Every structure is written in C-alpha cells, then in structure tokens.
Q: 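Structure incoming, see below.
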Amino acid sequence: MQTFLGSLGAEWYALPWVLLLAYAFYYPLFMAYLWMVGALYYYFHYERKDAPLELPPDLDYPPISVLVPCYNEEEDVYETLHFALALDYPDFEVIAINDGSKDRTGEILDELAGIHPRLRVVHLASNQGKAVALNTGCLLARHEHLLCIDGDALLDPHSAKWLMRHFVGSPRVGAITGNPRVRNRTTLLGRLQVGEFTSIIGLIKRAQRTYGRLFTVSGVIAAFRKTALHQVGYWSDDMLTEDIDISWKMQLKHWDVRFEPRALVWILMPETLKGLWKQRLRWAKGGSQVLLRNFGIIRHWRMRRMWPVYAEYFLSVAWAYLMATLIMTWLVGLVVPWDFWPRIASPLIPGWHGIVLGTTCLIQFSISKWLDGHYDRGLGRNYFWMIWYPLVYWLINICTTTVALPQAIAHRRGKRARWVSPDRGIRA
C-alpha cells in the first residue's frame with residue numbers, strides 16, 4: 001500500500017487511509033477467490049455427477065406453464081416462441097403476456113396463437129410492468145409449475161427437464177434459476193459480457209449455492225412452484241428488479257432456491273455504452289431496493305442463512321462508494337496545492353496491485369471457462385478480452401451503484417415499476 005499512498009508516509013493520520021486502501025484492494029481479491037473455491041466445490045460435489053447436457057434424467061415430469069412477458073418485442077418474439085414451443089417436454093403450455101406493447105408484438109402473438117394450439121395470448125391494455133405481466137400469467141396458468149423467460153430468450157430444448165428435476169426431487173424447492181448464455185458477440189462489449197456471464201454470474205451462483213443462499217434467480221430464465229409464489233405474495237409490482245425481490249421473498253420464507261447450470265437459455269445483451277448503463281443502473285437500483293427493504297433481517301436469528309448474502313451485497317455497495325471516493329480524491333489531488341490533502345496514486349492506472357487483480361481475473365475466467373465450457377463452446381476466444389473486464393465493468397459498477405442507492409432511497413414504496421424496451425445489441 002506504500003506506493004498507493006504516495007507522500008502520506010507512515011504518519012499516524014495516514015492509518016485510516018491505509019485501512020481504506022487495504023479494503024479497496026483486498027475485498028475484490030478475497031471475493032474472487034471465495035467464489036472460485038465455492039464454484040469448484042459445487043462442480044465436484046454436484047455438477048460433475050450429472051449426465052451429459054443432451055440426456056436429462058428420465059423422470060415422471062409434471063406439466064408446466066411457460067410464461068413469456070413481452071413489451072415491444074416484435075423483432076425477437078417470433079424466434080423466442082418458436083424455441084419455447086419446441087421444448088423437449090411431455091406436457092406444457094405457453095402463455096405470452098403482451099404488456100401493452102406499442103409495436104406489432106400483439107399482432108405477431110395473435111398470428112402465432114392461431115397456428116400453435118399450445119400457445120395462449122393475453123393482452124394487457126397498457127404497460128403495467130413485468131411483475132404485473134408475470135402475476136397475470138401465473139393466475140391464468142393451468143399448471144402448478146411455471147417456467148418464466150424473457151421475450152428475447154431462446155430456450156435450449158432440454159432446459160425444462162433440467163429445471164423440473166429439482167421440483168420432482170424435493171418438495172421444498174420453490175424456484176430454480178437457469179444458465180443464461182450471451183449470443184451477440186460482435187463487439188468488445190459483447191465479448192466482455194460473454195466472459196462476465198461465465199466468470200462472474202455463473203461462478204457466483206455456483207458459489208452462493210455452495211455457501212447457502214442465492215442473491216437472485218436470473219429473470220431471463222427461472223422456474224417456480226406456484227404454491228411458493230402464493231405464499232410469498234407473488235411478484236412485487238413496485239420493485240425495479242422483480243427477480244431479485246422474489247428470490248429474497250422465497251428464501252426468507254425458507255423455500256429452497258437453486259441453480260441449474262444445464263438449463264441453458266440464449267439471450268441478447270446491450271452492445272452500446274448507453275444501453276449497458278441503463279441496464280446496469282436498473283440492476284443496481286433493484287439491488288439497493290432489496291438491500292433497504294430487507295434491512296430488518298439482521299435482527300432475526302431465524303433468517304441467519306440470508307445474512308452472508310446480505311453482507312456480501314452491503315460490502316459491495318460500500319466498496320463502490322469507497323472506490324468513487326478514492327477516484328475523486330486522486331482527481332482533486334492533481335489540481336489543488338493543499339499540503340494536507342492526501343496524495344494517492346491513480347486507482348485507475350495498474351500498478352503492482354493492478355497486475356495482481358488482473359491476473360486473478362484471468363485465473364477466475366480460466367476456471368469459469370472450464371466449468372461452462374461443457375455448455376458453451378468457444379469461450380476460449382474471449383479469454384484475453386477479459387483482461388479489460390476490471391477496468392470497464394468495475395467503473396460501470398462503481399458509477400451505477402453510487403447513482404442507484406440515492407434513487408432507491410427516494411423511490412416511493414408502492415410506486416409501480418414499469419419497463420422500457422432494452423438495448424438488444426447491434427443488429428446486422
């Protein structure tokens with residue numbers, strides 16, 4: 001930390017800065033190795049024992065309802081429903097909920113419903129938000145088990161069986177999240193997100209499953225037991241990220257939430273900085289909402305298994321604010337002549353600490369590539385792009401988190417959370 005402190009030296013008043021800089025450096029390093037260890041344990045203890053991807057277990061699978069909430073999805077909904085209707089599953093229905101779309105989504109859905117008897121279409125008069133669309137689909141579903149996907153998601157034919165085996169095997173399972181894979185890889189941002197979904201999201205879900213509780217299911221693919229949804233009051237219509245909220249509501253009621261890496265879905269992600277910013281800001285605001293709304297769990301011993309998940313996100317928010325403070329301190333120190341102002345090296349220019357973090361990032365992606373390479377071929381082509389991951393995504397995470405927390409505090413409880421059409425990547 002000495003080079004990072006610059007001219008502060010070893011005076012006593014430098015001690016708080018030493019501790020803060022140590023936290024800024026060691027927290028992401030510690031979490032990276034914690035995730036890697038947890039993910040490796042998950043693989044050897046659970047994942048490795050399963051059959052190949054194309055051979056899900058031969059069980060007596062119950063019927064399911066596939067819910068597809070749609071808002072302005074005219075470019076993608078045809079392909080999404082084509083894959084949903086092609087599931088390799090004995091008995092299922094597909095319910096598409098048109099949430100007041102302003103484009104041709106409703107017309108396309110009606111055309112498809114006239115062709116496919118498995119497909120039912122529900123039209124909401126105006127945009128009510130994804131949570132309301134899901135609640136509507138849930139109440140109209142004929143079956144106890146639901147598979148929920150986004151309007152741009154392409155389901156793997158075997159994904160439903162891999163998800164449903166958990167419900168068949170345990171009555172305490174309330175939800176299972178699948179394994180999203182990024183399919184648009186034409187730009188640097190696209191390639192970085194391929195690595196992110198592998199080395200961060202997939203790794204974290206494996207590790208969290210090992211250590212006890214998941215922070216969230218993936219909203220793009222998740223299966224639910226309707227009984228569990230009813231007990232927790234269904235999806236909350238005032239939460240910006242309904243997937244995080246429903247995950248916490250279920251686990252706080254002691255339902256088991258699991259991760260299934262073989263339940264694949266192929267998704268589109270933003271490939272512009274503006275689209276990425278809007279997406280990550282919404283994620284950060286939703287996470288902050290859940291953090292604020294569930295503050296009271298730290299007082300209840302019976303909710304202790306959620307404490308590590310809460311602490312992890314709380315410390316991540318604290319780290320983002322610390323990094324923002326260090327960056328501002330460094331910038332001010334470049335222009336002011338005050339002797340008492342701390343002079344620190346740039347947090348953005350890699351020194352020895354940057355090399356350690358960058359190397360850890362590549363080790364993390366190597367492990368993740370090995371784990372997810374069974375399901376997503378060609379991950380190695382994105383390996384060396386991952387050296388840019390800390391700079392690009394940590395900066396975005398720092399900015400979105402610091403902006404999102406005040407907005408989440410100001411968000412009025414009960415105010416309807418509605419969606420807008422996201423950036424689906426650069427089209428050819």
Side-chain angles (χ1 to χ4, degrees), residues 35 38-68 83-84 87-90 92 143-150 153-183 197-226 228-229 243-244 246-247 250-251 255-267 309 367-368 370-376 379:
W35 293 335
L40 286 171
Y41 177 86
Y42 178 91
Y43 175 78
F44 286 106
H45 189 71
Y46 300 106
E47 197 172 343
R48 186 181 63 165
K49 302 174 183 178
D50 285 328
L53 179 64
E54 299 80 10
L55 297 173
D58 185 16
L59 303 173
D60 184 16
Y61 292 105
I64 62 170
S65 299
V66 181
L67 305 187
V68 189
F83 275 77
L87 280 175
D88 177 23
Y89 199 83
F92 69 96
H143 306 306
E144 166 69 5
H145 298 96
L146 311 175
L147 171 53
C148 305
I149 63 172
D150 281 352
L154 307 183
L155 282 170
D156 181 84
H158 307 291
S159 57
K161 287 183 177 179
W162 284 114
L163 290 167
M164 287 302 300
R165 67 169 179 154
H166 295 275
F167 290 126
V168 173
S170 173
R172 288 306 305 166
V173 174
I176 311 104
T177 183
N179 189 0
R181 313 308 308 166
V182 179
R183 57 187 171 115
F197 270 74
T198 299
S199 64
I200 301 296
I201 296 177
L203 200 76
I204 289 176
K205 281 184 166 51
R206 287 178 173 90
Q208 288 178 339
R209 178 61 188 156
T210 295
Y211 299 134
R213 292 289 186 265
L214 294 185
F215 180 74
T216 181
V217 299
S218 294
V220 69
I221 177 171
F224 298 92
R225 191 187 299 272
K226 196 186 293 187
L229 288 169
D243 47 359
I244 302 177
I246 197 66
S247 305
M250 283 197 168
Q251 291 175 117
W255 286 97
D256 195 11
V257 176
R258 296 183 180 180
F259 171 58
E260 176 49 70
R262 283 172 167 76
L264 304 182
V265 64
W266 299 89
I267 63 174
V309 182
I367 293 174
S368 303
W370 177 64
L371 294 175
D372 272 337
H374 300 89
Y375 322 117
D376 189 352
L379 288 176

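Just so it is clear, the model here is predicted, and its values are computed rather than measured.
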Q: Are any non-hydrogen side-chain atoms of L214 and S247 less than 4.5 angstrom apart?
A: no
Q: Closer than 4.0 angstrom, basic N to acidic O: yes or no for R48 and D50?
A: no
Q: Between CD of Q208 and CZ of R258, what distance do you get to the nearest 0.5 Å?
A: 16.0 Å
Q: Just wondering, do I267 and L154 contact through their side chains at under 4.5 Å, heavy atoms?
A: no
Q: Indicate yes or no: at least one non-hydrogen side-chain atom of K226 is less than 4.5 angstrom from one of H143.
A: no
Q: With a cut-off of under 6.0 Å to the ring centre and 45° to the axis, is R181 in cation-pi contact with W266?
A: no
Q: Between the side chain of T210 and the main-chain N/O of G38, is any donor-acceptor distance below 3.5 Å?
A: yes
Q: So do V168 and D60 actually touch side chain to side chain, heavy atoms under 4.5 Å?
A: no
Q: If I compare all heavy atoms of K161 with all of Y61, which pair ends up nearest, and what's the gap?
A: O-CE2, 3.5 Å
Q: Is it true that a side-chain atom of S65 and a backbone atom of L146 form a donor plus acceptor pair closer than 3.5 Å?
A: no
Q: Taking side-chain hydrogen bond (donor to acceptor under 3.5 Å, both in side chains) as the definition, give me every residue that meets it alongside Q251, ordered by chain and number, with sequence neighbours left out.
A: none
Q: Hey, does the Lys NZ or Arg CZ of R172 hover above the aromatic six-ring of W255, less than 6.0 Å from the centre and inside 45° of the axis?
A: yes
Q: Tell me yes or no: between the side chains of H166 and E260, is some donor less than 3.5 Å from an acceptor?
A: yes
Q: Flag the pair N179 / P261 as yes when at least one side-chain heavy-atom distance between them is below 4.5 Å, and no otherwise.
A: yes
Q: Only counting residues at least two apart or in another chain, list the ones meeting side-chain hydrogen bond (donor to acceptor under 3.5 Å, both in side chains) with Y43.
A: none
Q: A side-chain contact here means heavy atoms from C-beta on lying under 4.5 Å apart; do K205 and T216 qualify?
A: yes
Q: Do any N or O atoms from the side chain of D243 and from the backbone of G219 form a donor-acceptor pair under 3.5 angstrom?
A: yes
Q: Would a 4.5 Å heavy-atom cut-off, applied to side chains only, mark V257 and V217 as touching?
A: yes
Q: Are the side chains of I149 and L67 in touch, meaning some heavy atoms are under 4.5 Å apart?
A: no
Q: With rounding to the nearest 0.5 Å, note down the distance linking CZ in R209 to CZ in R213.
A: 8.0 Å
Q: Would you call the rings of F92 and Y89 parallel, tilted or perpendicular if under 30° counts as parallel and over 60° as perpendicular?
A: perpendicular
Q: Please report the interatomic distance CZ(F215) to OG1(T177), rounded to the nearest 0.5 Å.
A: 13.0 Å
Q: State whether the side chain of S170 and the backbone N or O of F167 hold a donor-acceptor pair below 3.5 Å, judged by distance alone.
A: no
Q: Please answer whether the main-chain N or O of I201 pairs with a side-chain N or O of R206 as donor and acceptor at a distance below 3.5 Å.
A: no
Q: For the backbone of V173 and the side chain of R225, can you confirm whether one donor and one acceptor N or O come within less than 3.5 Å of each other?
A: yes
